[in-house]
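One structure is given here, and the rest of the page talks about it.
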Amino acid sequence: MANSGMTRTYFLRKTLRLMLEFFNADEVNLLLRVYDDSTRFELIKYSPDDFRFNFFPQLNNASLHDYGTALDEHWNYILSGNINKSVSFVTKEGGLWIRMLDNQIIKNDFIREIQLDKYLAAGELKCLFITPFLLDNERIGLFELKSRSERFLCDFDIDFIETFVHTLGMTLLNQHTQAALQERVKELSCLYGMSQIAETPYVSLDDLIYSIMDLIPPAWQYPEITRTRIILDGIDYSLPDFESNDNKLASDIMIDNKKRGKIEIIYTRERPELDEGPFLKEERKLLDTVAKELAMIIKRRESEEDKNRLQNQLHHADRLATVGELAAGLAHEINEPLGSILGFAQLAGKYPGVPDQVKRDLEKIVRSSLHAREIVKKMTLFSRQVTAQKKQIDINQVIEDSLYFYKSRCQKEGIKLDIKLQPDLPFIIADPVHINQVVVNIVVNAMQAMPHGGVLNIKTLTSADEIMLIIKDTGVGMKEEVMEQIFYPFFTTKKAGQGLGLGLSVVHGIITAHGGSISVISEPGKGTEFKISLPINLPAASNTSE
Ligand code: ADP
C-alpha cells in the first residue's frame, strides 16, 4: 500500500483500519513526529460497522491526547525514552502494557502518579498497549492500541507487536518521504510550466493567466475537483465552473507592495480536513509561490510595456524635431523669394496705366502671397523660430479671452460649453498671443469634430509645479493611426480647403517652446481629450525662445 502512490491520509486511514481489525482492538492511535512536525491519527470503532477516523495535523505539543493531565506528560516520557524500565508495566522497548482483570486495576504509585486509572475508566477501557516507533534508535512516534475487552492480546503478543511496529514505522517514514517527493515534483512542474509560459513571446496577458490557471490543478491533491480563479485589477478570470465555497485556499497578488488581485483554489467537493481546511501545507506554500511568480511576470511585462511606450514617445519626439528642422529651413528659404514676389506685385500694381486685367491678376498674386506667408508663419511657429513675447500671465484670463468669440458659435451649433477654471491659479511666464493661438486651434478642431453638437469641457488645474489645461470634446474621436500623426505639419484628415494640417503642429511648437508638454487621449465615436502641462517656474533654458 505504501508504494501504491495513494495520499498519506488515505494510506494511514487504511493502515489503521488494518491494525484495528488485525488486533481486534477498539481504538488505534498513531502519533508521528517527523522533522519537528507532529501529527496524530486515530481510528475508533464504535460498533462493528461504525468507525471514525480523525486527523490532527501540526500539533504544538507532541502528545497523544491533550488532556492537560500528568498523562500527557507520560506520552512524552515514552517518546523521549526516559521511562523507567524496571516498572512492571513497561515493555522491552519502553512502552506500556496495562490490562484490567476482573475490573480491577493494580493500584500502585506509578499508575496513580500518571492518573492512568482515571484515563482507563473514562474510556471504559480494559487494556492499553502503547509503544514507540524506533528508527535508527530514534523515537519518531507512538503507536497505541486500546480495547474495551479484557480478552485482548496476551503477554506473548507484546514482543511480536513491538517488532512489527518497527516495520510499520519504517514504512510510514518511507511513505512520508515518497509523498513529500511527489509534492515537490508537482510543485516544480507547476513552477517550471509558469516560467515557460512567461518566456513565450507575444502572449497576451489574458492568455498567460488562463495558461497558468491550467497548470494549477495537477499540482493539487485532487486535480479533478480542483478549480482555480485569478482576479487581477478587478477582472475575474474564472471559468464558468468555478463556484466559491468554504473549501478554499487563497493568496494575494502583490505588485510593488500593492494588492492587485488574488489567486483562489477550491475543491468542488468536501475532502477530509488537513493542514489548512482540506489542503496540505505544501499546497499553501506552492500557492504563495505561484502568486509571487505571477506578480513578478506581470511586473516584468508592465515594465517592458513602459519601456516600449517611452521608446515610441522618444521616437515620435525625434521625428517631430527632424520635421521641425526641415520646416524651419523651408520657411527660411521661402520667406525671402516670397517677400520679393509680394513686394514687386504690390509695386507693379501701383504703376500708372496698368491695364485693369493686369491689375486684377496682380491683386491675385498679392492675395496668394499673403496666404503663403501665413503658412510660412505657422511653419516657423511649429519649428519654434518665432521669438515669444513672454510675460507674467493669468492663464485663466487668456483662456476666457480666447473663448470670447466662440461662445455664441458653440451655442448656435448645439455645443454645450462646460468651463471649469480653477480660481487663484499661480501666474506663469508665457506669450499670451501664443497661448491664445493654442486654445483657439484646439477649440476649433473640437468644434469641427462635433458637427451635430456635443459637450466641450475646458478646465484648468494646478499641481505643485505645473498648470494643466484640459480640453475635452464628445466628438468623432480619432483612430490610433490618426492620433500618431496629428502633430506633424500638413497632416490633415479634412477636405481640401477645410484644413491645412498646421493647427496642432503650431500648438505643439508653442507648448514645447514654453517648456511644457501636450498629450492626447481619443476614442473613435467617443471623443478626444487634449491635456497640456505648463511649468509654473519656467526652466532657465526655455526662458529665451530660440
Ligand atoms: P487641421 O485641423 O487643419 O486638419 P490640425 O493639425 O489642427 O489640422 O489637426 C490635424 C488632424 O487632427 C485633423 O485633421 C483631425 O483629423 C485631427 N483632430 C484634431 N483635433 C481633433 C478632435 N478634437 N477630434 C477629432 N480629430 C481631431
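Both ligands and their constituent atoms are indexed starting at 1 by order of listing.
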| message | Under a 4.0 Å threshold between the charged nitrogen and the carboxylate oxygen, would Arg360 count as salt-bridged to Glu363? | response |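 A salt bridge is absent here (no side-chain N lies under 4.0 Å from a carboxylate O).
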| query | Any salt bridge between Asp288 and Lys285, counting N to O under 4.0 Å? | reply |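 Salt bridge between Asp288 and Lys285, a charged N being under 4.0 Å from a carboxylate O: no.
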| request: Measure Val444 to ligand 1 on non-hydrogen atoms and call it side chain, backbone, both or neither using the 4.0 Å cut-off. | output: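 Under 4.0 Å from ligand 1, Val444 contributes no heavy atoms.
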| Within reach of ligand 1, part of Thr492 (heavy-atom separation under 4.0 Å) |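 Thr492 to ligand 1: contacts from backbone and side chain alike.
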Distance to 0.1 Å, residue and atom name: give those for the protein heavy atom nearest to [atom].
| atom | answer |
| --- | --- |
| atom 26 (N) of ligand 1 | Met478 CG, 3.4 Å |
| atom 10 (C) of ligand 1 | Phe491 O, 3.4 Å |
| atom 15 (C) of ligand 1 | Thr493 OG1, 3.4 Å |
| atom 20 (N) of ligand 1 | Asn445 CB, 3.3 Å |
| atom 5 (P) of ligand 1 | Leu504 N, 3.6 Å |
| atom 3 (O) of ligand 1 | Gly501 N, 2.9 Å |
| atom 2 (O) of ligand 1 | Lys494 NZ, 2.6 Å |
| atom 17 (C) of ligand 1 | Ile486 CG2, 3.9 Å |

| said: Within the structure, is a non-hydrogen atom of Asp473 found at a distance of less than 4.0 Å from ligand 1? | reply: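 The answer is yes, since Asp473 has a heavy atom less than 4.0 Å from ligand 1.
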| query | Does Gly475 have a non-hydrogen atom less than 4.0 Å from ligand 1? | reply |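 Per 4.0 Å heavy-atom rule, Gly475 does not contact ligand 1.
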| request: Measure the spacing between CD of Glu276 and NZ of Lys248 and express it to the nearest 0.5 Å. | output: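 NZ of Lys248 is found 11.5 Å from CD of Glu276.
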Distance under 4.0 Å to a non-hydrogen atom of [X]: what atoms of ligand 1 satisfy this?
| X | result |
| --- | --- |
| Ala449 | 22 (C), 24 (N), 25 (C) |
| Ala446 | 23 (N) |
| Gly499 | 3 (O) |

| Any side-chain heavy-atom pair from Leu280 and Arg284 closer than 4.5 angstrom? |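 No, every pair of side-chain atoms sits at 4.5 Å or beyond.
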| Any side-chain heavy atom of Lys459 sitting closer than 4.5 Å to one from Lys472? |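 Not touching, per the 4.5 Å side-chain cut-off.
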What side-chain donor-acceptor pairs closer than 3.5 Å can you find for residues 330-353, not counting sequence neighbours?
{"from": "Ser340", "atom 1": "OG", "to": "Glu336", "atom 2": "O", "distance (Å)": "3.3"}

| For Gln357 and Asp361, does a side-chain donor sit closer than 3.5 Å to a side-chain acceptor? |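 There is such a pair between these side chains.
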| message | Parallel, tilted or perpendicular, judged at 30° and 60°: which one describes the rings of Phe382 and His508? | response |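 Aromatic pair Phe382/His508 classed tilted.
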In residues 404-426, what donor-acceptor pairs under 3.5 Å come from side-chain atoms, sequence neighbours left out?
{"from": "Asp418", "atom 1": "OD2", "to": "Lys420", "atom 2": "NZ", "distance (Å)": "3.4"}
{"from": "Gln422", "atom 1": "OE1", "to": "Thr462", "atom 2": "N", "distance (Å)": "3.3"}

| said: Below 3.5 Å, N or O to N or O, backbone or side chain included: is there any such pair between Ser505 and ligand 1? | reply: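 Among all N and O atoms of Ser505, none is under 3.5 Å from an N or O of ligand 1.
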| said: Surrounding OH of Tyr192 (heavy atoms of other residues, nucleotides or ligands, distance under 6.0 Å), is the total greater than 12? | reply: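 No - once you tally the heavy atoms of other residues, nucleotides and ligands closer than 6.0 Å, there are 12 at most.
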